[in-house]
Amino acid sequence: MKFNKKRASALTALVASAALALSACGGSSDSGNGGGSGSDGKAVSVTFLPKNLGNPYFDTSDKGGKAAVEEFGGKFTEVGPQEASPDAQVPFINTAAQQGVGALVVSANDPKAIGDALNEARDAGTKVVTFDSDTDPQYRDLFINQASAEGIAKVQVKMIAEQIGDKGEIAILSAAANATNQNTWIDLMKKELAASHPDIKLVDTVYGNDDDQTSFDKTSALLQKYPNLKGIVSPTTVGIAAAARYVSDSDFKGKVKVTGLGTPNQMRDYVENGTVDAFALWNPEDLGFLAAYAAKALVDGDITGKEGDKFTAGKLGDYTVGKDGVVLLGDPFEFTKDNIGDFDF
Ligand code: RAM
C-alpha cells in the first residue's frame with residue numbers, strides 16, 4: 001500500500017496556501033522560477049491543466065505537482081477552464097504551446113477532443129503527460145494512472161454491495177459524459193456487477209459534469225425517478241460530495257447508500273453523520289507529484305515514454321513505464337469512520 005498518512009497530512013499546509021487567482025473564464029497561477037535543471041541548462045517549465053478549476057481534488061493534485069516542480073528547480077503554472085467540457089481545454093493547450101512550455105500535464109474530459117491541440121503542442125516541442133484521465137494514447141507521451149482501472153472499479157462495486165446487502169437497485173452519478181477515466185471505470189463496474197452480483201440492478205447512469213449544483217440536481221432527480229433505489233455510486237469526488245449532501249439533508253438518509261470516490265475533507269461530515277459508510281480514493285497529491293517528475297524526465301530526455309523506461313520521482317522513489325506509456329501510482333484506499341480522522345486533504 002503506497003498511501004502514506006504522513007504525506008496526506010502534509011497536505012494541510014499545502015492546501016492552506018492554495019490561493020489561486022481565478023478569473024471568470026478560467027485562470028492561471030504561476031510559481032517557482034528556475035534554478036535551472038533542464039538538459040540544456042534552462043528551468044523545466046511544467047503547466048498543469050486539470051479538467052476544470054475549483055475542484056479540491058485537482059487543487060490537491062496540482063499542489064503535489066507544484067511541490068515537485070519547485071523541488072527540481074523548475075517553473076510551475078496551473079491553468080484551466082471553469083467547465084469540465086470536452087474541448088474547453090483547447091485554448092489553454094494552444095497558449096502553452098505558443099509559450100514553449102517544456103511539458104503539459106493534463107487530465108482529459110474527452111479521449112479525443114483535445115487530441116489535435118496536443119499533437120500541435122508536441123510538434124512545437126512540448127512533452128505531454130496525461131494524468132488522472134487519459135486521452136487516446138497517440139496524443140500523449142505518458143499517462144500517469146492513479147490506480148489500475150480494474151482495482152478502482154472493483155473497490156466501488158465491493159463497497160456498494162456490502163452497503164446494500166448485495167441486492168437491489170443502484171444508479172451511477174458520474175462526471176462529464178465523455179470523461180475517459182469515469183467511462184473506463186463504469187464499463188468495468190458493469191462487468192463486475194454482471195459477473196459477481198446478480199441481485200444488484202444498475203437502473204441508470206447520469207452525469208453531473210463535475211459541477212456541484214448539476215450533481216446535486218441529478219441526485220434529486222434519480223431519487224424521484226427510482227423510488228426503490230438502494231444506492232448511488234459516484235466515481236467522482238464532485239458527484240459523491242453533492243449526492244451525500246443531498247441525501248444527508250433528506251428523508252433518504254439511512255435508506256439510500258452513497259459511495260464511490262471522494263476526498264476525506266469533502267466527505268468527513270457525511271461519514272461522521274452516518275450518511276456514508278465507506279468511499280475510496282488514492283492520494284491526489286502523490287499523483288500530481290509523480291506526474292511532474294515524469295514530465296521532467298521526458299523534457300530532460302532521460303526517458304521517451306517507451307515501455308521499460310525508468311525514472312525517479314523524488315520521495316516517491318523509482319517508477320517504470322509500462323505498456324502503452326502508462327505509469328501506475330499505486331492502489332486505491334478505502335476510507336471509513338474508523339480511519340477518516342487520519343487524513344486531511
Ligand atoms: C473528480 C474528477 C477526477 C477523478 C476524481 C475521482 O475529481 O472527475 O477526474 O479522478 O473525481
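In what follows, every heavy atom counts, from backbone to side chain, and hydrogens, waters and symmetry copies are set aside. Atoms within each ligand, like the ligands themselves, are counted from 1 in listed order.
- Looking only at side-chain heavy atoms (C-beta outward), I152 and W282 come within less than 4.5 Å of each other.
- Here is the list of ligand 1 atoms found below 4.0 Å of a heavy atom in F58: 3 (C), 9 (O).
- Each of the atoms 1 (C), 7 (O) of ligand 1 lies under 4.0 Å from some heavy atom of N55.
- Comparing L281, T237, N209 by heavy-atom distance to atom 1 (C) of ligand 1, the nearest is T237.
- Within the set T263, D210, T236, L287, the minimum heavy-atom distance to atom 8 (O) of ligand 1 is found for D210.
- Remark: ligand 1 and W282 share no N or O pair separated by less than 3.5 Å (distance only, no angle test).
- By the 4.5 Å heavy-atom criterion applied to side chains, S61 and Q146 are not counted as neighbours.
- The W185 neighbourhood of ligand 1 comprises atoms 10 (O), with distances under 4.0 Å to a heavy atom of that residue.
- When atom types are taken as modelled, the side chain of N183 and the backbone of A177 share a donor-acceptor pair closer than 3.5 angstrom.
- Interface of Q146 with ligand 1, defined as ligand atoms under 4.0 Å from a residue heavy atom, comprises 10 (O).
- Checked against the 6.0 Å centroid threshold, F333 and F343 count as a close aromatic pair.
- Scanning all heavy atoms of the two residues, the minimum distance from A84 to D210 falls at CB-CB, 4.3 Å.
- Atoms of ligand 1 found under 4.0 Å from any heavy atom of D132, numbered from 1 in the order shown, are 3 (C), 4 (C), 9 (O), 10 (O).
- In summary, the aromatic rings of F48 and F131 are positioned with their centroids under 6.0 Å apart.
- F311 has its ring centre no less than 6.0 Å from the ring centre of Y293.
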Show the numbers, then the answer: is there a salt bridge (Lys or Arg N to Asp or Glu O under 4.0 Å) between D318 and K310? CA-CA 7 Å; D318 298 332; K310 290 182 195 312; over 6 Å; no
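- Residue contact check for ligand 1: F279 places no non-hydrogen atom closer than 4.0 Å to it.
- Contacts with ligand 1 closer than 4.0 Å are made by no heavy atom of F131, backbone or side chain.
- For the pair Q182 and ligand 1, the shortest N or O to N or O distance falls below 3.5 Å.
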